[in-house]
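Report on one structure; see the data block that follows.
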Protein chains: 2
Amino acid sequence: MGDLESLGSSLAVDRSAPTLREQALEKLRKAVIGGELAPGTRLVERRLCDLLGVSRTVVREILRQLEAEGWIVNPPYKGPTVATVSADDARQIYEIREALEGLAARLCATRAKPADIKRLQDAVDGMAEAVAAGDVEQHILHIEAFYEALTDGAGHRMMQAYLASHRSRLARLRSISLSRPQRAGRSVIEKRRLLEAVKLRDSASAQRLAEDHVRNSREAALGTAEQDAPTPSNAAAGVSPSTPAASSPRRRSGVA
Amino acid sequence: MGDLESLGSSLAVDRSAPTLREQALEKLRKAVIGGELAPGTRLVERRLCDLLGVSRTVVREILRQLEAEGWIVNPPYKGPTVATVSADDARQIYEIREALEGLAARLCATRAKPADIKRLQDAVDGMAEAVAAGDVEQHILHIEAFYEALTDGAGHRMMQAYLASHRSRLARLRSISLSRPQRAGRSVIEKRRLLEAVKLRDSASAQRLAEDHVRNSREAALGTAEQDAPTPSNAAAGVSPSTPAASSPRRRSGVA
DNA sequence: CGTTGTATGATGGAATACCAAAAAACGGAA
DNA sequence: TTCCGTTTTTTGGTATTCCATCATACAACG
């Protein structure tokens with residue numbers, strides 16, 4: 001009775017230790033994704049030290065990490081700058097998303113467990129609520145939850161991180177697009193249809209619906225972007241200035 | 001006469017690795033991919049300093065970078081170790097490759113320029129030669145060139161890096177599989193068929209052939225792996241020991 | 001003999017000071 | 001204005017130091 005083995009690993013201690021580096025990394029990454037640090041912004045190491053309150057050692061490590069993740073670019077001896085997303089980048093991202101989210105939907109339809117489907121359902125319900133309330137931010141959170149459930153249901157933890165980073169890269173574009181009530185509602189409807197296909201274990205339909213959904217998102221996003229941008233075909237797709245130097249040649253925009 | 005532009009980039013100095021960090025990064029990454037550092041190997045920072053001849057700062061930077069790329073894992077308070085590729089990881093990678101290489105083939109068939117097709121042709125010819133000579137290493141080099149041309153032809157620089165890293169992750173599995181002459185020859189034939197479809201601008205066939213090719217590669221690789229592995233279904237797919245500690249519990253294997 | 005407490009060494013996390021090299025900014029001369 | 005050299009800023013990189021934590025060995029104790 002009461003021997004330790006019977007407990008299994010239920011009381012295994014949580015070994016996660018939020019290091020300074022991880023906290024700083026998260027803050028900086030969020031600032032980049034959220035747009036507080038605009039694309040093209042020069043990231044001066046010592047300035048970041050002050051901003052984040054950590055040493056240069058830590059700053060340099062997280063800069064390398066963000067570089068590997070593609071959020072910043074780092075020409076040697078020139079210093080890191082926030083990466084830009086060109087119109088062509090956006091196209092590639094949408095095309096990749098179409099293929100991978102189609103795959104995820106197909107696999108999810110065949111493999112998803114009831115718990116996964118429940119999560120999908122909750123996410124869709126949450127989205128509908130958020131749209132009804134006009135809360136874009138909440139809508140996006142539920143979208144993320146939806147895709148997380150979708151990739152989990154498909155048994156693809158690897159794809160999850162990759163797709164999430166791609167979606168983040170289009171964050172600006174997406175929030176513009178979803179702030180139009182019509183597009184937001186349409187997006188929810190399409191996801192709900194996808195969910196229905198998954199419930200019916202109809203993998204072919206699920207794949208097709210997911211692909212169509214990405215295509216529609218793309219058209220909506222690039223369509224709205226074109227309304228803002230003066231030269232829609234050539235310019236960065238409303239995401240970032242592809243040639244920031246062209247306008248004010250003197251001082252590059254810097255952090256802080 | 002003799003103006004600088006006429007020289008083109010013929011005498012462009014090799015700026016590929018100007019910084020120590022990049023050189024060290026490349027060396028370490030190669031060592032991981034090549035298997036000189038087996039999965040599960042503990043990477044002790046101070047040891048790596050000696051090995052690479054750089055300071056701890058640089059070592060830590062490249063460790064963070066490799067961590068972001070997924071080549072190493074870094075459990076808190078334990079220190080970085082070379083990542084393992086489980087059988088489930090391998091499955092996910094193959095499924096992702098199937099979707100993305102199918103996409104690349106489809107787009108390449110519609111978008112490829114003559115120069116791209118030439119590169120594909122050269123790569124296939126090179127592969128055939130290498131297989132005839134029984135040179136697995138050369139074969140793999142041409143495979144990489146083939147996929148590079150394919151993704152370029154599809155206009156997908158982003159996908160290129162991602163797919164390349166996935167292929168690298170299966171490097172061991174692949175070299176085992178391709179050292180069987182039968183599979184090697186079959187692989188070339190399948191790629192040649194894909195090339196023909198691209199030449200004919202038959203995007204649907206190209207996609208299907210690319211997907212089939214990945215599926216066949218997968219079956220071949222996992223099939224051969226099963227011949228070696230004692231418990232094929234559960235064990236890491238011949239790629240790495242998923243539980244390296246199980247055998248010799250005393251000292252963990254360390255670098256050098 | 002087995003259990004428990006403690007000393008110790010190895011290692012990662014982090015800060016700091018320092019120097020070299022490259023690039024950018026600046027300022028003066030033609 | 002444009003060109004050229006100088007100064008300043010910033011990154012690349014090293015060395016050193018300190019601390020927290022962990023794993024192990026070992027001693028003490030029942």
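Lettering of chains follows the sequences in order, A, B, ..., and the numbering in each one begins at 1.
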When you check the gap from the basic side-chain N to the acidic O, do Glu69(A) and Arg29(A) get nearer than 4.0 Å?
-> yes
When you get a sec, tell me which of dT14(D), dA23(C), dA14(C) is the closest nucleotide to the side chain of Ser55(A)?
-> dA14(C)
Is any side-chain nitrogen or oxygen of Arg46(A) closer than 4.0 Å to OP1 or OP2 of dT10(D)?
-> no
Phosphate-side-chain proximity, Arg47(A) and dT9(D), N/O vs OP1/OP2 below 4.0 Å = no
Would you state whether a donor and an acceptor, one from the side chain of Thr57(A) and one from the base of dA15(C), lie under 3.5 Å apart?
-> yes
Looking at Arg56(B), does any N or O in its side chain come under 4.0 Å of the phosphate oxygens OP1/OP2 on dT16(C)?
-> no
Using a cut-off of less than 4.0 Å, is there contact between a side-chain N or O of Arg42(B) and OP1 or OP2 of dA23(D)?
-> no
Do Ile93(B) and Arg97(B) have side-chain heavy atoms sitting under 4.5 Å apart?
-> yes
Arg21(B) bridged to Glu61(A) by N-O distance under 4.0 Å = no
Taking the six-membered ring for Trp, are the ring centroids of Phe146(A) and His142(A) within less than 6.0 Å of each other?
-> no
Using a cut-off of 4.0 Å on non-hydrogen atoms, how would the nucleic acid contact of Thr19(A) be classed: base, sugar-phosphate, or nothing?
-> sugar-phosphate
Val44(B) has a side chain; which of dT11(C), dA23(D), dT14(D) sits nearest to it?
-> dT11(C)
dG12(C), dA14(C), dC22(D): which one has an atom nearest the side-chain heavy atoms of Pro80(B)?
-> dG12(C)
Is any side-chain nitrogen or oxygen of Arg60(A) closer than 4.0 Å to OP1 or OP2 of dT11(D)?
-> no
Residue whose closest nucleotide on DNA chain D lies nearer the 5' end, Gly79(A) versus Val54(B) = Gly79(A)
